[in-house]
Amino acid sequence: MVLVALVAEGETLPRPGREALSLARTLVDGGAPGPVVAAVTGPGAVQAGGEAFALGADRVLAVPGREATADRKLLVDDLLAAWEQAGGQEGLILCPGDEAGRELAPRLAFRLGAGVASEVVRVRWEGGRVLAERPAYGGKAVATVALPGPVGVVQVKDRAFEAASPEPGRTGQVEELPAAAGPERLRVVEEVREEAGGVPLEEAPVVVAGGRGLGGPEPFQEELAELARLLGGAVGASLAAVDAGWVPPALQVGQTGKSVAPELYLAVGISGASQHLAGITGAKHVVAINKDREAPIFRRAELGVVGDWREIVPALIDAVRALRS
Amino acid sequence: MHVVVCIKQILDPEIPPREFQVDPQTKRAVRGRASLVISPFDLNALEVAVQLKERAGGRVTVVSLGGEETPEALRRALAMGADEAVWIRDGALEATDASGTARCLAAAIAKLDEPDLVLFGRQAGDWDQGLVGPMVAEALGWPLVTNVFQTRGENSPLELLQQAEGGYRVVAATLPAAATITNHEANVARLPKVREIMLANRKPITQWSLGDLGLAADEVAPRVVVEALAVPVPEGHCTFIEGETAQEKAQNLARALRELKVI
Amino acid sequence: MDPMATPTREVFWNIEHTWLVYVLLYPTAIAFVYGLGRRVEGWFMGKPQIRWDRPWLRLKLFLRDGLAQAQVLRERRAGLAHLAFSWGFLVLTLATVAVFLQHDLGIPILSGNFYLYFQSLVVDLFGFAAIIGVVYVLYQRYVVRPPRLTHGVFSDGVLLVGFLVALIQGYVVEGLRIVATQDPWGIWSPVGYATGQLLVALGVRELPLQLALHRFFWWTHLVTAFAGNAYLPYSKAMHLLVAPLSLFFRELEPAGRLRPMEIEGAERLGVKALSDFTWKDLLDLDACTECGRCQEVCPAHAVGKPLNPKTFILDLQRQMAGLAREEVTPAVRPALAPGVQVAAATLAEDAALEIVGHSIDPEVIWSCTTCNACVEVCPVEIEHVAKIIDLRRYQVMEEAAIDETPQQALQGLEDRAHPFRGTQASRADWYQDLPYVKTLAETGPVDYLYWVGCAVALNERTQRTARALARILHAAGIDFAVLGEEEVCTGDPARRMGNEYLFELLARQNIDTLQRSQVTRIITTCPHCYNTLKNEYGALGGLFQVVHHTELIEELLAQGRLPLKGPVDRSPITLHDPCYLGRYNGVYQAPRQLVDALGERVEMERSRARSFCCGAGGGRYFMDDRPGQRVNVERSRQALATGAPTVATACPFCTLMLEDGVRTAAREAGREAPEVKDLAELVAEALDEEALAAGWPPEEAGGRRA
């Protein structure tokens, strides 16, 4: 059995959840023991669970009675009940690459005494066991871990796997379970929005990112922002730029920052530390502008320009404008 | 308020890539000349704890599980403002994993004097797993708030500021509770005062073995096996855009981007 | 009168009620002694420090800079004016002492040659020189008004005008006496004589009028002079008494050797309050002449940062004088009339008050690049930089109050023994493909250890400097090796940022490594490493012969061991003097000789001892600059002004700072940016590789590679 542990706050399955479901289907189709079970809790469990069939689930267990909660300990109880219901002896649990998945995977594993691999970028079913690949040491190394016990938990990295398109023909009956009881000890008392509009970094089709080479905070607000606006994208930054205090941590792309998977990732004055490259594994096209031809970023980039960004970026803005007019 | 901070001493994450090597036998990173440091997010957690203590009173206990150089990390934490330090030290822990670590930490926390809040770094700067915090919360049966960067208030329910997409949310937690801490300008780790460093060198560090924690060796046996740890070879297929001037290079780049259909 | 009579004059001629002089003297003396006492009392709040070793050297330097005013005279015209009126004042004071000796002690010295040559002629001429000096100074202060002289506009005016008035009154009194007594020796006081003749010409012909006017001016001259003396310890004229002391008790250690400090067992680390300074530091505050030369040369001040070395000293002086306290803590000030007792109590309060955040803004002490230009230019040997470092020491070590970016650098030093956070380089990167660069571990003892330095080894740009130097050393057949990964930061940035504890840790580690490897001679590319290894490790037991690469290359060129192809293409070359090489260690000539060997040299307006810092020293490299306040851009503008296409440096920090700065400066000026290169790079490019390949030096020119 491959059980995908999902939380649906709204009435549709969030993208990370769909990615995990698609991976479960691929694994089972590739020889891992089935079936694919989607366990869904949260206010939108039934509706969102209904979608799971089309995305590859053979069976859907939903816990409809669960109100939105910040206390994920309660969600663990719901999902464990579903695991029991689905057989609960052996198999693999997949958790998505969102906040909930990152907390639930270790909690579930601990309760089940299972091995767990987090932020996984590749999964293989091989010789009767699961092998998971994940970056370690800030992307300087790749670890392959095996989960030897009867139960294993894998939490997949955001955007590391592609979500399949729904198969309209696949439907089924959602089985409902009662929500587990227990006191709620966390309560959201306030939500504060800080960023002022623009395309969110994670969703942007184009990311224009700057690093230490930019030398100060101004270029992020000026040249980079202008180029990003022109290309319909967002501005990102490397850890070095965040550490220097030039941009807020929310813009950081990398192992400890955000993972992005844009069509175009334009790295300006970024040397390309593995820490940073770990955040752009999903980028389709990486283009780098750097004054040092030996910079590691050029080993990841598809296109490179060696030169002073102070000259190249304004010229690129002009060139793009000229090309479009 | 009694705040416990769990810290991990790791191989300096800023070790230059050229110096980073892996031992294929043990499947671990080779230490070489690199120093050991407190995992960066754990420093943020320490800062949050010390700020909370300064505001609400009480004390901070720092706990770490690790090898012979762990006291260095604990001493730094003491210099930053922690009041007591616990070193979980046992030969049987050499090969343990996140779940074994979590079991030890949970047992240590249960043994401490009624902690109100336990803080962890969001993820360790070596393996970036982010597993131990949630596992300890699960072991203790406590709620956990992830990606917290600051606290507000002085008593239970304590307000924890949690990073969220496009802003943050304030979560009121009935204590005892646990939280994982992420970096933010509000929790940049302070520089220890030299006087505190000197004092910290004289403070005692409590040592607990597995036996002290009431755990048996098989309880901390690893649940995962590292099959391989490899240093990836960079691909390297970059096409350099040439040109006499910056303008020419930029124009050639714009054309190449158009061919890729990304602009 | 008898022409053979002994030349003299009558003291108190035409003056009655001379007892009034003594009545007036008492309040004057009390005011003077009280004022002086408060100052001296302030200095005694300071910590002990021995500043009377090497007394003959001290005396020699005192005579040079105190009496002959060599340092004051470095600024020609203002210096001469100062020399004139200070010597005038001194001589007039001696004349008054002579009167006192004769009249009150009964020693008959006001007669004969002494009277004629000194008391009449010399005194008269010096007084006149003083008038010219004062008038020039008044003109400077109130007509020309350079920005450095904008402090104490009113109080200085009172002093100068008072002095001028007293001088004129003196001549009027003397002139009237000469005219009225028909003094046969009157001509020996030419200015006084002329004044008398002038007054007669103006209509003062009648004897009674002359006598009456003489009495009037005599008394007003006395009152002016007494008032001046009473006011002296409360004014900047106090420097006339204190500057000689600060000159005598000056720092004799090399400028690059920061004062050592005790850490273990120290009651307080660094300086929090005035009483934590040494007595000499506090004496410095009163020695300040407010001449503003430090302000004029300070790079931080030049770009609009909050540091002004002059106001830094004067703000501390205000706190010591109790003025700052009045503004802040009126409640603690006793309501009763002030007395000596009360003053002492309040002085103690001032002494204990925290300086930073009270009389000195934290940004002031963090703006300093420790370039030492202020100390170098100060005519009275005030030690600004040492005070700033002492204040930083307290802020960093006791309060941990430091901005995030420099804190990261300190953290980096602690965690990985270099301050360059996030560098991708390792110390061995730059010589991976250079077969002739080996580590000491591989070679065993060598003639020279090449101390690379973090700023060189860990930056892509400056690695080129190391490669160039290695090429040169190899070409000249020098037996050298590097420490490789064993090298750690010398601790200079930690020390200059105030973390003495960290400095000592790093220094001890290095000294241990160097001694274990039996290193005696060291070449450095970084002047900061150079200074620390050469001047500062000695105090911790590490004594090495240290040579900067420019010195060694210059020697090799002079010995004909390096064949050059001829002038470089991008000549002329302008040279930027790194502070820690030039001002701190006096190495000005070697880099110039290298430039001259490479092409035409054009000097920037500020060079050598007046060189303008690149902005990186004192840990500033690791701190953020506000827009428009970048020292490197200002220095780059100065470099650009020479029109030279090449800017030569001899320091990796300068290279990094200026390479960045010239881009901005060139864009502003709408010009092409000059190339910034270390002299080692320029020499390596100019090496005649063909000659080297053919064997250099040629056999007949004397053997090679001993």
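Naming convention: chains lettered A, B, ... in sequence-line order (proteins, then strands); numbering from 1 in each chain.
Listed here is the closest heavy atom pair of A/L186 and B/A173: CD2-CB, 3.4 Å. Contact record, A/R185 with B/P176: NH2-O, 3.0 Å, taken as the closest heavy-atom pair. Heavy atoms only, all atoms of each residue included: B/P232 and A/G139 are closest at CG-O, 4.2 Å. In this structure, A/S118 and B/Q129 approach most closely via the heavy-atom pair OG-O, 2.9 Å. Contact detail for A/I312 and B/A250: the closest heavy-atom pair is O-CB, 3.9 Å. Closest non-hydrogen pair, A/P249 versus B/H184, comes out as CG-CA, 4.4 Å.
Taking the ring centre of A/F110 as origin, the terminal cationic atom of B/R103 falls inside the region bounded by 6.0 Å and 45° from the ring axis.
Considering only heavy-atom pairs separated by less than 4.5 Å from chain B, the leading option among A/R324, A/K73, A/E302, A/E263 is A/E302. For the options A/A117, A/A146, A/A136, heavy-atom pairs under 4.5 Å to chain B are most numerous at A/A146. Note: B/A29 leads B/S156, B/P13, B/A29 in heavy-atom pairs under 4.5 Å with chain A. Most heavy-atom pairs under 4.5 Å with chain B, from the set A/G304, A/A315, A/G115: that is A/G304. For the options B/V225, B/N183, B/I15, heavy-atom pairs under 4.5 Å to chain A are most numerous at B/V225. Between chain B and the residues A/R107, A/E190, A/K284, A/R134, the most heavy-atom pairs under 4.5 angstrom are made by A/R107. Between chain A and the residues B/N147, B/D128, B/I241, B/N252, the most heavy-atom pairs under 4.5 angstrom are made by B/D128. Of the residues considered (B/V22, B/D97, B/L260, B/V226), B/L260 shows the highest number of contacts with chain A, using heavy-atom pairs under 4.5 Å. Per-residue heavy-atom pair counts under 4.5 Å with chain A were compared for B/A102, B/P40, B/P222, B/G141, and the maximum is reached by B/G141. Most heavy-atom pairs under 4.5 Å with chain A, from the set B/V170, B/T174, B/L257: that is B/V170.
For B/A124, no part lies near chain A; criterion is any non-hydrogen pair under 4.5 Å. Using a 4.5 Å cut-off between heavy atoms, B/F240 touches chain A through backbone and side chain atoms alike. Contact of A/V242 with chain B is not made at all, since no heavy-atom distance falls under 4.5 Å. If you measure heavy-atom distances from B/E242 to chain A, the contacts under 4.5 Å come from the side chain alone. In this structure, the portions of A/R293 lying under 4.5 Å from any heavy atom of chain B include both its backbone and its side chain. The contact between B/Q123 and chain A is made entirely by side chain atoms (from C-beta outward), counting heavy-atom distances below 4.5 Å. Neither the backbone nor the side chain of A/L108 comes within less than 4.5 Å of any heavy atom in chain B. If you measure heavy-atom distances from B/P143 to chain A, the contacts under 4.5 Å come from both the backbone and the side chain. When heavy atoms are compared at a cutoff of 4.5 Å, A/V313 does not approach chain B at all. Heavy atoms closer than 4.5 Å to chain A are found nowhere in B/A98, neither backbone nor side chain. Contact of A/P135 with chain B is made through the backbone alone, with heavy-atom distances under 4.5 Å. With a 4.5 Å cut-off on non-hydrogen atoms, A/A322 does not touch chain B at all. Contacts between A/Q252 and chain B at a heavy-atom distance below 4.5 Å involve the side chain alone, from C-beta outward. Within the 4.5 angstrom heavy-atom criterion, only side-chain atoms of A/R129, from C-beta onward, approach chain B. When heavy atoms are compared at a cutoff of 4.5 Å, A/E311 approaches chain B by way of both its backbone and its side chain. The contact between A/R187 and chain B is made by backbone and side chain atoms together, counting heavy-atom distances below 4.5 Å. The contact between A/E202 and chain B is made entirely by side chain atoms (from C-beta outward), counting heavy-atom distances below 4.5 Å.
Residue A/R15 qualifies as enclosed at atom CZ: its count of foreign heavy atoms under 6.0 Å is above 12. Heavy-atom contacts from other residues, nucleotides or ligands closer than 6.0 Å to CD of A/E184 number more than 12. Environment of NZ in A/K291: sparse, with no more than 12 heavy atoms of neighbouring residues, nucleotides or ligands closer than 6.0 Å.
Rounded to the nearest 0.5 angstrom, B/Q247 CD and A/L316 CG are separated by 11.0 Å. Note that OG1 of B/T146 is 8.5 Å distant from CZ of A/R102, once rounded to the nearest 0.5 Å. Atoms OG1 and CD, on B/T180 and A/E103 in that order, are 7.5 Å from each other to the nearest 0.5 Å.
B/E138 has its side chain within reach of A/V76: a pair of non-hydrogen atoms, C-beta onward, lies under 4.5 Å apart. Counting only heavy atoms from C-beta outward, the side chains of B/E159 and A/V189 approach each other to under 4.5 Å.
Between the B/R223 side chain and the A/G113 main chain, a donor and an acceptor come within less than 3.5 Å of each other. Judged purely by atom type and a 3.5 angstrom limit, B/K249 uses its side chain to pair as donor or acceptor with the backbone of A/V306. Side chain of B/R255 to backbone of A/L323: no donor-acceptor contact under 3.5 angstrom is found.
Ion pairing between a basic and an acidic side chain is recognised when a charged N comes within 4.0 Å of a carboxylate O; B/E227 and A/R124 show no such pairing.
With A/Y137 as reference, B/L229 is the one residue of B/L229, B/V231, B/I10 to meet the side chain to side chain contact (heavy atoms under 4.5 Å, CB included) rule.
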Determine, stepwise, if the pair A/V206 / B/V262 fulfils side chain to side chain contact (heavy atoms under 4.5 Å, CB included).
CA-CA 8 Å; A/V206 174; B/V262 288; 5.8 Å; no
